[in-house]
Amino acid sequence: MINLVSFIPKAVVQGIPLLYGSTGEIVTQKSGNLNLGIPGVMYVGAISGVIGAFNFEQAVKSYQATHEAADTFLTVFVPMLSVMIPLLSCLLGSLIMGLIYCFLTVTLRANQNVTGLAMTTFGVGFGNFFGASLIKLSGADVPSIALTTTSKYFSQKLPFAETTGWFGKIFFSYGPLAYFSILVAIAAAIIIKKTRVGLHLRAVGESPATADSAGINVTMYKYGATCIGCMIAGLGGLYYVMDYATGVWSNDAFGDRGWLAIALVIFTIWKPDMSIFASILFGGLYILYLFLPINIDHMEYQQLYKMIPYVVTLVVLVITSIRNKRENQPPASLGLPYFREER
Amino acid sequence: MANTTPAVQMKNITKRFGLVTANSGVNLELYRGEILALLGENGSGKTTLMNMLCGLYFPDEGEILINGKPATIASPKDSFEYGIGMVHQHFKLIDVLSAAENIVLGLDEKLDIKKASAKITEICNKYGFDVDPSQKIYDMSVSQKQTVEIVKVLYRGADILILDEPTAVLTPQETEKLFAVLRKMKEDNKAIIIITHKMHEVESLSDRVAVLRKGKYIGDMRTADTNAAEMTDMMVGRKVVLNIIRPEPVNPKDRILVNGLTVKSEDGITKLKNVSFTIRSGEILGIAGISGCGQKELLEAIAGLQSVESGSVEYVDDKGKREQLLGKDPKQIRDMGVALSFVPEDRLGMGLVGNMDITDNMMLRSYENGHGPFTDRKTPQKLAQSVVEDLEVVTPGINTPVRSLSGGNVQKILVGREIASAPKVLLTAYAVRGLDINASYTIYDLINEQKKAGVAVVYVGEDLDVLMELSDRILVLCGGEVSGVLDGRTADRNEVGLLMTKVGGNSDGKN
């Protein structure tokens, strides 16, 4: 029998990057942009945070060498900057990815699928290139870098995590970015469902021509939603490396989580609030094999278990298209460019 | 009226799309408390002109004055501020949203659906609309959608209304209701522009007409001082005869025998129930019925595009040999000489590929002809050229993607291609949907020529008057059942109307 108290927290930490990714992609897709570059964006978000953190840690090290431990800069500003610098680098990196995507697909009206796939290839290559460079710079003898100074702030658990038994393990034992991801998902759900901005965003994704003739700035909404979506997704990458991997970057470790995030968008039928539970479910399915007795002669079964989230997504796709409920369909103009004066 | 300031004044407006000049030096005036009918053939630039008023396009040259003051309308938002509202030909509504959500879309006010719904109900009561603010658009009929569009415009406080072919998709009763509302708005001192191709609507509704031809402004006059023939001549630029000839069928022979045909839709709803009739060569069989009563399913069943529950469809060749059509695939049926030209509501949905050019669309019927693995492009090119010339298609060339042509021109290509295949049986549905009067008559002539050549023609159309003038026999469908078969020459409009709404016509003795 699976030990739930140890399984659930592991599922949650697996799920958080997926939650960021899927929330970001839902916001993007609601504007009619099918951004298949999300895996690349998450990768770039992660490596940008790492680059920021790495440079900051190097600077702190050289500062520490010449100053006392009780220096006010070290005690007051370093903790704050340890959080702010990786966070802002990550947001900046993913924002740039979003802007590139929008410029190509919205302004130049390039094919969204091709652009997205290119962005993913580019993002992964970008990440591995700088990852490898940093590993060389750090002079480590293993193919990874450890960012201990900054990552300890990201993987800080809530204070009651240790003292409240199983309850604390399940609910309090996560870093701040994990809780933030849930806030972001709830906020995204409320904005999309309840506010004027959300209504306009949905209109743009359903029928840009209609939105345009109703006086909504289609280009602005597409750029805005895609860039914000990319920044949210980028945070998923940052969470992965700074909290989940406790500051250890090694190339290609992020794996196929970006694609899982896109699968989640379909699985949750474009609802960020559903994604909170769905991403934890996916996270659980992703690591389920670790908790099942596996014959050492049949390691290939692992891969079968890892397929479960994708199979579940296919099943959801089939069910939603059979039920054919209009509200559960993808935004009607998803993947299509819009040009006002086209006839 | 002449002394008041015009609500809208357009001066020397020119708009170009690439090499095509859609409007050149157009002048237009619109006053309050009047309904102006804007006339012109397909592709004459009416919609383009109106899109400049509602901010979707920006004029290349010229000036727009609203209430006598120069106005710059760079976006739809600007046009709302000037009180201009447009109901587009293709509705600008979002299916998955409710009526209320669609109506408040794009407004800067706080999103409060309850308050908005109350205001919508108030507008509805004032003009006699019937809109449920919480109903989703995809649950609505075409006329309900149009009502939502009009309420949307009024909600924004528009007092200059533009309606682009509002009646193209409405039944006669719905049209009357719409006109009553428009007259009420006119009394309310609103200024209204209506684009329509139906002359009797122009005559019964408008105060003034303005005519465009090939992007140029031809003139305007009071509706009372003119008539349909004069307006048509102005639109076309030459004398046009508005008569539909109906030659006597020559030696009609049974061509297709439909017996006990029953068709169910995918959801298990019966679309056709035990339908039996005969299609004869050299004859036009008109099919009348309110929209959605099974015409589409009937034609598709004959063409092999629709699966059939029971019944038989037999093709009779010149020697009298019978052959069952059911069970054959559409291509085999087409090869036997049964051609289907169906013009759906969005015109491009069936039969043509928007992104391909005219020649390639011709090839959709002939791609298998050619030597070895290569297709024959020369013949379709010639065909494309002749369709463009014969039917006066307005296009930069035969290599232009069909999508970029105006609706009427797209239809001419579709109908032209089907006729060019020299069919034995021609099934046409809504061949003149959205076409201007001149183009419509060209199509009627084409159909008549086919009839004279001995082709068995089935004509499904929206305009009952035309249907009755054109057809030799009229098959009336009602809810998927044959309600009656009448002689086209002696049929009475009321009789057909009754049969359309009730199987077997009226039974209460009133005639």
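Naming: A, B, ... by sequence-line order, numbering from 1 per chain. The structure displayed is predicted, hence computed values, not measured ones. When reading the values below, keep in mind they use all heavy atoms of this one structure, side chains included, and skip hydrogens, waters and symmetry mates.
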Visitor: Of the options B:Leu111, B:Asn102, B:Leu107, which is the one that meets A:Leu199 in a side-chain contact (heavy atoms from CB on, under 4.5 Å)?
Guide: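 Exactly one pass, corresponding to B:Leu111.
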Visitor: Between A:Ala209, A:Ser213, A:Ala332, who has the most heavy-atom pairs with chain B when the cutoff is under 4.5 Å?
Guide: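 Option with the top pair count is A:Ser213.
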Visitor: Please round to the nearest 0.5 Å and tell me the distance separating atom NZ of A:Lys194 and atom CD1 of B:Ile113.
Guide: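 Rounded to the nearest 0.5 Å, the NZ-CD1 separation comes out at 10.5 Å.
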Visitor: Quick check: are there more than 12 heavy atoms from other residues, nucleotides or ligands sitting under 6.0 Å from NZ of B:Lys214?
Guide: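 Result for NZ/B:Lys214: open.
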Visitor: What distance separates B:Glu101 CD from A:Arg196 CZ, expressed to the nearest 0.5 Å?
Guide: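 Going from the CD atom of B:Glu101 to the CZ atom of A:Arg196 covers 14.0 Å.
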Visitor: What part of A:Thr195 gets closer than 4.5 Å to chain B, counting heavy atoms only: side chain, backbone, both or neither?
Guide: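 Only the backbone of A:Thr195 comes within 4.5 Å of chain B.
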Visitor: Is it the case that more than 12 heavy atoms not belonging to B:Lys216 sit under 6.0 Å from its NZ atom?
Guide: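 At most 12 heavy atoms, drawn from other residues, nucleotides or ligands, come within 6.0 Å of this atom.
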Visitor: What part of B:Leu93 is in contact with chain A, defined as an atom under 4.5 angstrom from a non-hydrogen atom: side chain, backbone, both or neither?
Guide: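 Just its backbone gets close to chain A.
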Visitor: Are the side chains of B:Ile94 and A:Arg202 in contact, using a 4.5 Å heavy-atom criterion?
Guide: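 A:Arg202 does not reach B:Ile94 side chain to side chain.
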Visitor: Between atom OG1 of A:Thr210 and atom CD of B:Glu149, what is the distance when rounded to the nearest 0.5 Å?
Guide: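 With rounding to 0.5 Å, OG1 (A:Thr210) is 8.0 Å from CD (B:Glu149).
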Visitor: Are more than 12 heavy atoms from other residues, nucleotides or ligands located less than 6.0 Å from atom CZ of A:Phe103?
Guide: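 It does not: A:Phe103 CZ has 12 such atoms or fewer within range.
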Visitor: Tell me, yes or no, whether the heavy-atom count around A:Tyr179 atom OH, taken from other residues, nucleotides or ligands under 6.0 Å, exceeds 12.
Guide: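 Buried by this count: over 12 neighbours within 6.0 Å.
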Visitor: Could you tell me which portion of B:Lys110 (side chain, backbone, both or neither) has an atom closer than 4.5 angstrom to a non-hydrogen atom of chain A?
Guide: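 For B:Lys110, backbone heavy atoms alone lie under 4.5 Å from chain A.
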Visitor: Checking B:Leu105 against chain A: side chain, backbone, both or neither under 4.5 Å from a heavy atom?
Guide: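 When you check distances to chain A, atoms from both the backbone and side chain of B:Leu105 fall under 4.5 Å.
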Visitor: Which heavy atom in B:Pro76 sits nearest to a heavy atom in A:Asp212, and how many Å separate them?
Guide: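 Looking at all heavy atoms of both residues, the closest pair is CG-O, 2.9 Å.
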Visitor: State whether the number of non-hydrogen atoms from other residues, nucleotides or ligands found under 6.0 Å of B:Lys136 atom NZ is greater than 12.
Guide: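 More than 12 heavy atoms, drawn from other residues, nucleotides or ligands, come within 6.0 Å of this atom.
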